[in-house]
Amino acid sequence: MKPEIYIKDLKNHAGETVTLKGWLYNKRKSGKLRFLILRDGTGLLQCVVFKGSVSEEVFAKTADLTQEASFEVTGTIRAEERAMGGVEMDVTDFNILGESVDYPITPKEHGPEFLMDKRHLWLRSKKQMAVMRIRHRIVKAIRDFFDERGFTLFDPPIITPNAVEGTSTLFETPYFDLGMAYLSQSGQLYAEAGAMALGKVYTFGPTFRAEKSKTRRHLTEFWMVEPEMAFFDLDDDMDLAEEFLEYIVQSVLKDRKEDLITLERDVEKLEKIKRPFPRISYDEAVKILKKKGHDFQYGDDFGAPDETVIGEDYDTPVMIHRYPAAVKAFYMKRDPENPELALAVDVIAPEGYGEIIGGSQREDEIELLLERIKEHDLPQEFFEWYLDLRRYGSVPHSGFGLGLERTVSWICGLDHLREAIPFARMIYRNTP
RNA sequence: UCCACGAUAGCUCAAUAGGUAGAGCAUGCGGCUGUUAACCGCAGGGUUGUAGGUUCGAGUCCUACUCGUGGAGCCA
């Protein structure tokens, strides 16, 4: 039977007698007085058990209640300054539903390996619940943003016959009589087909990278949202990315501030995420690095430490555009003013969180695209369908990809991507 | 793949110069009518990651391996 009421809704129910269901977050006792902290997924509530006001039997049962045991509890809700959340319950009745013997996560410090081994239980703790609620709010903001602007959700395949970008390593799997298939590392090429059909589309789903990356910024399975728009040039693309990030951050601030505070996030820093964001060219970014005395070779891509240095002078994300074409993907359009440069943009999050968006205007001329495919040594036969998009009514178009976990990590102020997703998949971990 | 660091009680850590492995939390028992990671008392709990070596003696020094951590590269 479902609960009649949840903790988050109790504030306006002072004086009422209610029955709640949930799990024991923690307890404290003091002789004939016991404090049970109930967790029901919406909040925490202190339930007070006086020996004098419950039966001998009920009082005895509360002694057996252990951390994370499930129980139902009946009592009167009362405003109480001393309790967290401003209300507490005077218990009159109580039943244990499911025992919990030797719960491994104690209200004390634990190391990351231990907590990741117990991830399925770690998710029950206050901060992890806050992260999951913020992740959910971000996902909703992403969907709302595109839905409100005439985009159509367009789901690309996850099983694909070849590399989209040719660079990263892919997870492979045998596929019946067709040889090896690969898990998608990006839905972008398919999104381009969608944009030619529907004008403005976005993909949103998991992607897979078999790179042997071992850093706090990498997962092998992560979620990415990729809008793709017909007739958008690079400037239009950057306008959209900027508005998009502002929308996401402000939505979280509006609805999930409580969770940000639980995470001890510096909310003021997020409040500064307002348009316009600085837009600097690759050339200007290199000058900034050199001016700050960093050893950097013109023509290289920026590494994580370079990104941090470029971003550190700004309160907002920074957009870096027009990269050397040699370090970027084959499908990016060249800058008509300098064919050595690609019409690409990376958006660097503040506070050292690094690249959260990568985008570009796409090459729309078939001859140039054919050249690029040859230069990158890609098998043309796999790209025939993609080339058709240029053969039949090609138009300028652009798009970008936003890494969901990196965005969650930045907004929550996490120090590792593994906490930004319920069950992280990393090079040395695929459990639980 | 490379670099750096780490592995001691269920968990987080300590152990001075190589000399009998300790504490807090958790667990069990007892006490307490306002606790906020409650507190107080008592108790149980260890093949110091694995294998080998040096030494009268190794948690500590040496070698190899395993596992982990985060950084480079790569990327979102």
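To find a chain, count down the sequence lines: A is the first, B the second, and so on, and within it residues start at 1. Just so it is clear, the values below take in all heavy atoms, side chains as well, and ignore hydrogens, waters and symmetry mates. Values in this document were obtained by computation on a predicted structure and should not be read as measured data.
- For the contact set between residues 417-432 of chain A and RNA chain B, defined by any heavy atom under 4.0 Å, the members are A:L417, A:R418, A:Y428.
- Between A:R216 and B:C75, a side-chain N or O to OP1/OP2 separation shorter than 4.0 Å is absent.
- Residue A:P305 is in sugar-phosphate contact alone, with no base atom involved, counting any heavy-atom pair closer than 4.0 Å across all strands shown.
- For RNA chain B, each stem of at least three Watson-Crick or G-U pairs (distances under 3.5 Å) is given as range with range: B:1-7 with B:66-72, B:10-13 with B:22-25, B:27-31 with B:39-43, B:49-53 with B:61-65.
- When the C1' atom is used for both B:U60 and B:A21, the distance is 12 Å, rounded to whole Å.
- The same atom, P, is picked in B:G70 and in B:U12; the two are 14 Å apart, to the nearest Å.
- Pairs of residues two or more places apart, or lying in two chains, that qualify as side-chain hydrogen bond (donor to acceptor under 3.5 Å, both in side chains) and include a residue from residues 30-40 of chain A are A:R34-A:T62, A:R39-A:E68, A:D40-A:T42.
- The stretch residues 125-134 of chain A has no heavy atom under 4.0 angstrom from RNA chain B at all.
- Atom name C1', nucleotides B:A51 and B:U66: the rounded distance is 10 Å, in whole Å.
- In terms of the side-chain contact (heavy atoms from CB on, under 4.5 Å) criterion, residue partners of A:R119 (sequence neighbours excluded) are, by chain and number, A:M116, A:W122, A:L123, A:Q128, A:M132, A:F423, A:P432.
- Note on A:H218: a base of the nucleic acid sits closer than 4.0 angstrom, heavy atoms only.
- Rounded to the nearest Å, the gap between the P atom of B:U54 and that of B:U16 is 25 Å.
- Using a 4.0 Å cut-off, some side-chain N or O of A:H416 falls inside it from OP1 or OP2 of B:G70.
- Within the structure, the ring pair (Phe, Tyr, Trp, His ring centres under 6.0 Å) test picks out the following pairs touching residues 34-91 of chain A (sequence neighbours left out): A:F71-A:F94.
- Here B:U33 is the nucleotide among B:U33, B:A26, B:G73 with the atom lying nearest to any side-chain atom of A:F50.
- In this view, A:D90 and A:V48, A:R78 satisfy the side-chain contact (heavy atoms from CB on, under 4.5 Å) rule, not counting sequence neighbours.
- Within a heavy-atom distance below 4.0 Å of RNA chain B, the residues of residues 23-30 of chain A found are A:N26, A:R28, A:K29, A:S30.
- Across all strands, A:G111 comes closer than 4.0 Å only to sugar-phosphate atoms, never to a base (heavy-atom distances).
- One distance of note links CG of A:L36 with CE of A:M89; it measures 10.5 Å at 0.5 Å rounding.
- Side chain A:S213 to base B:C74: a donor-acceptor pair is found below 3.5 Å.
- Checked against ring pair (Phe, Tyr, Trp, His ring centres under 6.0 Å), A:F114 has the following partners two or more places apart in sequence or in another chain: A:H110.
- For residues 217-226 of chain A, no residue pair satisfies the salt bridge (charged side-chain N to carboxylate O under 4.0 Å, His left out) rule, not counting sequence neighbours.
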Between the protein and nucleotides 4-9 of chain B, which nitrogen or oxygen pairs are less than 3.5 angstrom apart?
none

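- Listed by residue number, the members of residues 34-46 of chain A with any heavy atom below 4.0 angstrom from RNA chain B are A:F35, A:Q46.
- In this structure, CD of A:E113 is placed 14 Å from C1' of B:G70, rounded to the nearest angstrom.
- The same atom, C1', is picked in B:U8 and in B:A43; the two are 22 Å apart, to the nearest Å.
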